Amino acid sequence: MGLLDDLKERIVIADGAMGTLLYAHGIDRCFEELNVTKPEEIVHIHEAYIDAGAEVIQTNTYGANYVKLARYGLQDDVKQINEAAVRLAKQAAQGRAYVLGTIGGLRSTNKSTISLEEVKRTFREQLYALLNEGVDGLLLETYYDFEELQTVLSIARKETTLPLIAHVTLHDIGVLQHGISLADALHQLEQLGADVVGLNCHLGPYHMLRSLEEVPIPTRAFLSVYPNASLPQYRDGRFVYETSEQYFEETARAFRDQGVRLIGGCCGTTPKHISAIARALSDRTPVYEKKVKQRHTVVVQEAEQAKEPSLDDIARTRRSIIVELDPPKKLGLTTFLEGAKALKEAHIDALTLADNSLATPRISNVAVGTIVKQQLGMRPLIHITCRDRNLIGLQSHLMGLHTLGMTDVLALTGDPSKVGDFPGATSVYDLSSFDLISLIRQFNEGLSYSGKPLGQKTNFSIAAAFNPNVRHLDKAVKRLEKKIECGAHYFLTQPLYSEKQIEDVYEATKHLSTPIYIGIMPLTSARNADFLHHEVPGITLSDHIRARMAACANDPVQSTKEGLAIAKALIDAAFDLFQGIYFITPFLRYDMTVELVRYTHEKERLKKERTVYHG
């Protein structure tokens, strides 16, 4: 008889959390390392769960992979740590329980931090170590990213005929990230070869029960559930779970009624919780049929039709000019609004507003954008960085922009805090720019990050950054193409200072239909040129440009003229290659930007006149 044979006949009880007990004992370092350094602690915990009624235990290997062990300098010990974990679990089991080799997920909110290729390499290394030690099955647990779980499950199924248990982890009731229903996800896992499918972590019994109400009993696989003890509290610098064992005893029966055949515990659970489950299900009798609750269809209101064409549509049909005018670093908007008004009169398509550029605090670009829109009737393009807001804050921010009717956004990773005025401030980076673009696209589909309906579809026009100021332009273009796949509608480049470079960008991107706005920022002085070249990430100036500015270093008027002359030459180079021009205003010197806008419009007027004349 094996585990799957037992599951055909009865409910099987699994163990609970390993890390919770180690944490309670005052151990606050790499738990997996203890397989080698404190094996007796691990054996003791396994034995406590078996004595409490667990018939299945999992190895202490949740984070025993190259990526997570590298945080502790243990990346070369993957094989040793995993093999030791299996031996310890077998030593504790003594034939009284099945031993599952546990492999935890790597991806969380920021998918782009680890590629699928790295996931595959890391997974295979841990997988082979566990299989070689002779586990009774594999438990793939705590996978927030469904693509990752599908990938590793497919690998595992090809490598072994042992029982495979695949667990997703939910942010919200009944739905995975990106809106996949739990029922659909578990069905797909069954189709990929999982023998047991279910969920673990993040949610307690109440929310997991509600999620399972919409899940039919699988036709071939079995259902499993490993709930957290409760939602955690944060007290005196530690996470605390307080759900009573009696509550677990009550909910265990409810899980049986939902068709669950394998039941254990996750974060916060202890042998007492497992003992309570064993008491509640002492006869181990499963159910073979259940009434599936129909998933409530949420009507998502369609996005309102845009009153004006998007900036990418404009750049496809005619010359388009957008201008960046940074919100002030100090309170007061008089000069800023004077500049914005002058730019409006010069006829620009949008005013872009940075989000604390160079990690320096400025007046909120949303506040400034609201004023610009309401008082001047201008179109604000709001920059959003991943640096200052976590995943919660970013979603709230997007909902606020939608509510204010500001639909033009630029998704950026953001300069790290250490380059700004407060180098000791934290940089959040829950998401990368790729993830943020995907999130905004998901908002346009009416779904939050967790997959929960927003009630309305947003109508964001998504701009992304493109930095050609790199050694290998082809790699930058690949990043650009990846952003298009994530949902970017058009691009704004970093400022360029070479006509040849503009031509190179055109040649490297001409196969794409996505509009690109070429960034041009006039130089104001020799000091400004040297600072940009040497100290601002992503900007490079040629020796020739810097020499031209150095030649008029002591003449502010001539410096301005020279800066404008250089910018106009760049406009000339970009004019017939790109429809979009993106002017970045230096130091609120909007007079310079206004002149460049007028210069561009005059070139366009003359071009049309020539076309009519020759036509």
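Please read these numbers as outputs of a predicted model, since none were measured by experiment.
R10 has a carboxylate O that lies under 4.0 Å from a charged side-chain N of D6, or vice versa, which qualifies the two as a salt bridge. The pair R96-D51 counts as a salt bridge, with a side-chain nitrogen and a carboxylate oxygen less than 4.0 angstrom apart. Contact check on R387 versus D430 returns no salt bridge, with no Lys/Arg side-chain nitrogen under 4.0 Å from an Asp/Glu carboxylate oxygen. With respect to the salt-bridge test (charged N to carboxylate O, under 4.0 angstrom), the residues R210 and E214 do not qualify. Comment: E117 does not engage R121 in a salt bridge, judged by the lack of any side-chain N to carboxylate O separation of less than 4.0 angstrom. A salt bridge does not link R279 with E245: none of the charged nitrogens is closer than 4.0 Å to a carboxylate oxygen.
What you find for S448 and L454 is that their closest heavy atoms are N-CG, 3.7 Å. Residues P163 and D136 approach most closely at CD-O, 3.3 Å, considering heavy atoms. Between A54 and A97, the shortest heavy-atom distance links the atoms O-CB, 4.1 Å. In plain terms, the two heavy atoms of H46 and A92 that are nearest each other are CB-CB, 3.4 Å. Taking all atoms of both residues into account, the shortest heavy-atom contact from A93 to V99 is CB-CG2, 4.1 Å. Residues D15 and I57 share a closest heavy-atom pair of OD2-CA, 3.2 Å.
No more than 12 heavy atoms of other residues, nucleotides or ligands lie within 6.0 Å of CZ in R479, so this atom counts as exposed by the packing criterion. Crowding of K452 atom NZ: a count of heavy atoms from other residues, nucleotides or ligands under 6.0 Å not exceeding 12. Heavy atoms from other residues, nucleotides or ligands lying under 6.0 Å from CZ of R471 number 12 at most. Around atom NE2 of H187, no more than 12 heavy atoms belonging to other residues, nucleotides or ligands sit under 6.0 Å away. Within a 6.0 Å radius of CD in Q191, other residues, nucleotides and ligands contribute more than 12 heavy atoms.
Inter-residue side-chain proximity for V225 and N200 is flagged as unmet; no heavy-atom pair is nearer than 4.5 Å. Residues I384 and L410 fail the side-chain proximity criterion, which asks for heavy atoms closer than 4.5 Å. A 4.5 Å side-chain heavy-atom check between F255 and P205 finds at least one atom pair inside the cut-off. You'll find the side chain of K68 reaches within 4.5 Å of the side chain of R71, heavy atoms only. Side chains of H207 and I173 form a contact here, defined as non-hydrogen atoms less than 4.5 Å apart. The shortest distance between side-chain heavy atoms of F146 and Q188 falls below 4.5 Å. Side-chain contact check for F123 versus Y66: every heavy-atom pair is 4.5 Å or farther apart. With a 4.5 Å cut-off on side-chain heavy atoms, T270 and S275 do not count as touching.
No side-chain donor-acceptor contact under 3.5 Å links D172 to the backbone of V175. Although no hydrogens or angles enter the test, the distance criterion places a donor-acceptor pair under 3.5 Å between the side chain of S154 and the main chain of Q150. With hydrogens and angles ignored, the 3.5 Å screen pairs no side-chain donor or acceptor of R389 with any backbone N or O of C386. Judged by distance alone, the side chain of N356 and the main-chain N or O of A359 form no donor-acceptor pair under 3.5 Å. With D415 contributing its side chain and L358 its backbone, the two residues share a donor-acceptor pair below 3.5 Å. Formation of a donor-acceptor pair under 3.5 Å by the E133 side chain with backbone atoms of V86 is not found in this model. Between the E148 side chain and the V119 main chain, no donor and acceptor come within less than 3.5 Å of each other. In terms of modelled atom types and a separation under 3.5 Å, the side chain of S427 and the main chain of P416 share no donor-acceptor contact. Remark: the backbone N or O of T493 is not paired with any side-chain donor or acceptor of N467 at under 3.5 angstrom. Under the 3.5 Å distance criterion, the side-chain polar atoms of K483 are matched with a main-chain donor or acceptor of A465.
Distance check: R107 CZ to S115 OG gives 7.5 Å after rounding to the nearest 0.5 Å. Note: L164 CG to L139 CG = 10.0 Å, rounded to the nearest 0.5 Å. Annotation: the span from Q126 atom CD to I103 atom CD1 amounts to 4.5 Å, rounded to 0.5 Å. Note: F248 CZ to I274 CD1 = 7.0 Å, rounded to the nearest 0.5 Å. Taken to the nearest 0.5 Å, the OH atom of Y49 stands 9.0 Å off from the CD atom of Q58. Atom OG1 in T413 sits 9.5 Å away from atom CG in L431 (nearest 0.5 Å).
Looking at D435 and S438, their side chains never bring a donor and an acceptor atom within 3.5 Å of each other. No donor-acceptor contact under 3.5 angstrom links the side chains of E213 and Q258, judged on distance only. Side-chain atoms of D355 and T385 form a donor-acceptor pair, as typed in the model, at a separation below 3.5 Å. T61 and T102 form no side-chain donor-acceptor contact under 3.5 Å, judged by distance and modelled atom types alone. Side-chain N/O atoms of N82 and Y128 include no donor and acceptor closer than 3.5 Å.
Screening L140, L262, L138, D195 for a side chain to side chain contact (heavy atoms under 4.5 Å, CB included) involving I165 leaves a single residue, L262.
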Worked verdict on I11 versus R256 for side-chain contact (heavy atoms from CB on, under 4.5 Å): CA-CA 8 Å; I11 295 172; R256 173 177 59 187; 3.4 Å; yes

Check against side-chain contact (heavy atoms from CB on, under 4.5 Å), I277 and T251: CA-CA 8 Å; I277 294 172; T251 55; over 6 Å; no

Do V477 and F466 pass the side-chain contact (heavy atoms from CB on, under 4.5 Å) test, and can you show the C-alpha distance, the side-chain angles, and the key distance before you say yes or no? CA-CA 8 Å; V477 173; F466 172 38; 4.3 Å; yes

Mind running side-chain contact (heavy atoms from CB on, under 4.5 Å) on Y98 and V135 for me, showing each step along the way? CA-CA 8 Å; Y98 296 106; V135 292; over 6 Å; no

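Here C201 pairs with T142, T169, N228, C266, C267 under the side-chain contact (heavy atoms from CB on, under 4.5 Å) rule; sequence neighbours left out. Scanning for ring-ring contact (aromatic ring centres under 6.0 Å, His included) contacts around H167 gives Y226, with sequence neighbours left out.
K482 forms a cation-pi arrangement with F434, by the criterion of a distance under 6.0 Å to the ring centre and an angle within 45° of the ring axis.
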